[in-house]
Number of protein chains: 4
Amino acid sequence: MLFSLDFESKDPIYSQIVKQIIIGIAKRELRPNEPLPSVRSLASDIGINLHTVNKAYQQLKQEGYILIHRQKGVVIHPEGVPKADSEYKETLKQTLRPIIAEGLCKDLSHESIADLYQEVLKEFQREEDIK
Amino acid sequence: MLFSLDFESKDPIYSQIVKQIIIGIAKRELRPNEPLPSVRSLASDIGINLHTVNKAYQQLKQEGYILIHRQKGVVIHPEGVPKADSEYKETLKQTLRPIIAEGLCKDLSHESIADLYQEVLKEFQREEDIK
Amino acid sequence: MLFSLDFESKDPIYSQIVKQIIIGIAKRELRPNEPLPSVRSLASDIGINLHTVNKAYQQLKQEGYILIHRQKGVVIHPEGVPKADSEYKETLKQTLRPIIAEGLCKDLSHESIADLYQEVLKEFQREEDIK
Amino acid sequence: MLFSLDFESKDPIYSQIVKQIIIGIAKRELRPNEPLPSVRSLASDIGINLHTVNKAYQQLKQEGYILIHRQKGVVIHPEGVPKADSEYKETLKQTLRPIIAEGLCKDLSHESIADLYQEVLKEFQREEDIK
DNA sequence: GTGGTCTAGACCACT
DNA sequence: GTGGTCTAGACCACC
């Protein structure tokens, strides 16, 4: 798995790592039980401190995306992530609202916003889904 | 305009204000040239620090949402916000990507994600658009 | 609130802090909305690193015992902690099992173990409960 | 004797083994002088490292639960474990305190905590005790 | 002054 | 070699 990090971003590094791993899981590039690099090796690969990687892993663990074994290292959670409940859906809408509002203010049409959305969604298209 | 702020949120207060004003503009509850409360009055209304409101306004001004006149006060930008360019669209997709990925990981279908998206989009429906 | 920490203990310092705060809440010495010392002040009071205190606070936050405001600091959660569900009860029994087994092996009678238990429980007796 | 180990647990493997053997003794499923499997066979049965089993046995030996003979192998200590002294009782209360506090914070009543405690205690009920 | 993030470097427990 | 814990010290964002 490749990481592209922006060290200048306002979004903290550990958060960028979290997001990329979640994207990897959603794209099924990372499958259940697949091992992730160790805290130390990933840190030195990226050229950051091991604590930063650890913080990302801890958050992923807390949200159910991965399992952390003391010696075996880190793996994608074999049973997947807790499914979305209605509370989560509400949070998601809450998150979407200002993003969509910004697009509308910048004169994007409803259609072009919906298109952008579909484009992103397509990135996650899987063979199974097409069948 | 009413503000509902969450002081426990990880999202800073000034950012919540910015978002709500942008949402207000997108919903056309706030129209071009419409005056916004002064920094002082808004701060005391909400019960927060002057600096916080000021920071929100400065950001809105910097992004072209509002104009700040020394005497006349603060108004919604009469000419609207700079339109979206392709760079902005890319940023928007970048923002959407981890959000959508998270939903997919939580086992939401492409359809139900698209539905949620449409629901939010509908909140911004305007009479003009329906005609 | 006073902290008595054992720096030689196998139980990590941050965990000892967590436990003492939970005990404080259970004894109602710490009431909802009551402020806790800042990360820095508690760290320097105890004579440990601020990260250690922070780790304790983060865990308490994650388990719903406290709220962490970016500027206002840390307070006991105003609405209390998520109530015990049946899963938690099972975990609790799981935790208790080896502890009780050890006592029995050391020839404590069922009665004396039950007595010890009651003694601890009494430490948490509250005026309201006695009325 | 059957072992059920949780390799994902925060509790180390060797400690889980120790606890289960202590529980076995408390339930009198393991009687004084009863032989335990050798380090080698237990390790290969469970599919774990020799060192892990050895560490568990060493701890049990050190606390007086078992005897390790070079030739005869491992047996449950024929004379039982050193009886509880007042220091031990204090340690036990110390251990119990945060566990009980957590239950109380989660809104369990004194009664329901005592009930849970009794349930666990009953698991160790023996015929002799009932007579 | 508050917590949040990041770095650097050390020691330990577990397998 | 793995993650867990702790320290020390720095800079930033928020209010």
Side-chain angles (χ1 to χ4, degrees), chain A residues 5 7 9-17 35-44 46-59 61 66-75, chain B residues 5 7 9-17 43 46-56 59, chain C residues 5 7 9-17 35-44 46-59 61 66-75, chain D residues 5 7 9-17 43 46-56 59:
Chain A
L5 301 180
F7 295 95
S9 167
K10 195 177 174 179
D11 196 28
I13 298 176
Y14 81 91
S15 161
Q16 296 181 45
I17 296 174
L36 252 41
S38 79
V39 173
R40 283 176 170 74
S41 67
L42 182 52
S44 77
I46 307 183
I48 59 175
N49 192 281
L50 86 176
H51 293 313
T52 307
V53 176
N54 191 49
K55 184 157 187 173
Y57 279 4
Q58 289 300 329
Q59 184 172 328
K61 168 188 158 194
I66 63 174
L67 287 180
I68 301 181
H69 302 245
R70 277 220 247 236
Q71 350 303 340
K72 291 199 301 176
V74 180
V75 298
Chain B
L5 300 179
F7 294 93
S9 167
K10 191 174 178 176
D11 197 27
I13 307 291
Y14 84 93
S15 161
Q16 295 182 45
I17 295 174
I46 312 184
I48 60 176
N49 196 296
L50 282 178
H51 299 318
T52 308
V53 177
N54 196 49
K55 180 152 190 173
Q59 184 172 327
Chain C
L5 302 178
F7 295 94
S9 166
K10 195 177 174 179
D11 195 28
I13 297 176
Y14 82 90
S15 160
Q16 296 182 45
I17 296 174
L36 251 41
S38 79
V39 172
R40 284 176 170 76
S41 67
L42 182 53
S44 77
I46 307 183
I48 59 175
N49 192 282
L50 87 178
H51 293 313
T52 308
V53 176
N54 191 48
K55 184 158 188 174
Y57 278 4
Q58 288 298 331
Q59 184 171 327
K61 166 189 160 194
I66 63 174
L67 286 180
I68 301 181
H69 302 246
R70 277 219 247 235
Q71 351 303 340
K72 290 198 300 176
V74 180
V75 297
Chain D
L5 300 179
F7 293 94
S9 166
K10 191 175 179 175
D11 197 27
I13 308 291
Y14 85 93
S15 160
Q16 295 182 45
I17 296 174
I46 310 184
I48 59 176
N49 196 295
L50 282 179
H51 300 317
T52 309
V53 177
N54 195 47
K55 179 151 191 173
Q59 182 171 329

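Within every chain, numbering begins at 1; the chains are lettered A, B, ... in the order of the sequence lines, protein sequences first and strands thereafter.
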Problem set entry | Residues which pass side chain to side chain donor-acceptor pair (under 3.5 Å) with D/S9, listed by chain and number, not counting sequence neighbours | none

For this session: Report yes if a side-chain nitrogen or oxygen of C/N54 is closer than 4.0 Å to either non-bridging phosphate oxygen (OP1 or OP2) of E/dG3; otherwise report no.
Result: no

For this session: Could you give me the stems involving DNA chain F, meaning stretches of three or more consecutive Watson-Crick or G-U wobble pairs whose two defining distances are both below 3.5 Å?
Result: E:1-14 with F:1-14

Exercise. Would a distance-only check, ignoring hydrogens and angles, find a side-chain to backbone donor-acceptor pair under 3.5 Å from C/S38 to C/S41?
Worked result: yes

For this session: Using only side-chain N and O atoms of A/T52, determine if any of them is under 4.0 Å from OP1 or OP2 of E/dC6.
Result: no

For this session: Please check if the side chain of A/Q16 supplies one atom and the backbone of A/D11 the other of a donor-acceptor pair under 3.5 Å.
Result: yes

Exercise. Tell me: NE2 of C/H69 to C1' of E/dG1, nearest whole Å?
Worked result: 16 Å

Seminar exercise, completed: Taking for A/L36 and for B/D11 the nucleotide of DNA chain F with the nearest heavy atom, the one nearer the 5' end belongs to A/L36

Would you list the protein and nucleotides 9-13 of chain F atom pairs, both N or O, that sit under 3.5 Å from each other?
unit_1: F/dG9; atom_1: O6; unit_2: C/H51; atom_2: NE2; d: 2.2

Exercise. Which one of A/L67, A/I66, A/L36 satisfies the side-chain contact (heavy atoms from CB on, under 4.5 Å) criterion with A/V75?
Worked result: A/L67

Exercise. Does any N or O in the side chain of A/R70 come within less than 3.5 Å of the main-chain N or O of D/K10, such that one atom is a donor and the other an acceptor?
Worked result: yes

For this session: Let me know the distance between CD1 of A/I46 and C1' of E/dT5, rounded to the nearest Å.
Result: 15 Å

Problem set entry | Phosphate-side-chain proximity, C/Q58 and E/dG3, N/O vs OP1/OP2 below 4.0 Å | no

For this session: Round to the nearest Å and state the distance from C/I66 atom CD1 to E/dT2 atom P.
Result: 15 Å

Exercise. More than 12 foreign heavy atoms under 6.0 Å from NE2 of B/H51: is that the case here?
Worked result: no

For this session: Taking only the side-chain heavy atoms of C/V74 (C-beta and beyond), determine which of F/dC15, E/dG3, E/dT15 contains the nearest atom.
Result: E/dG3

Exercise. Between A/I46 and A/F7, is any pair of side-chain heavy atoms under 4.5 Å apart?
Worked result: yes

Exercise. Mind checking whether A/V39 and A/Y57 have side chains closer than 4.5 Å, heavy atoms only?
Worked result: yes

Exercise. Of all the choices, F/dG3, F/dT7, E/dC6, which nucleotide is nearest to the side chain of A/I13 once you look at every atom?
Worked result: E/dC6

Exercise. Do the side chains of C/L42 and C/I48 get nearer than 4.5 Å, heavy atoms only?
Worked result: no

Seminar exercise, completed: Taken to the nearest whole Å, CG/D/L5 to C1'/E/dT15 is 13 Å

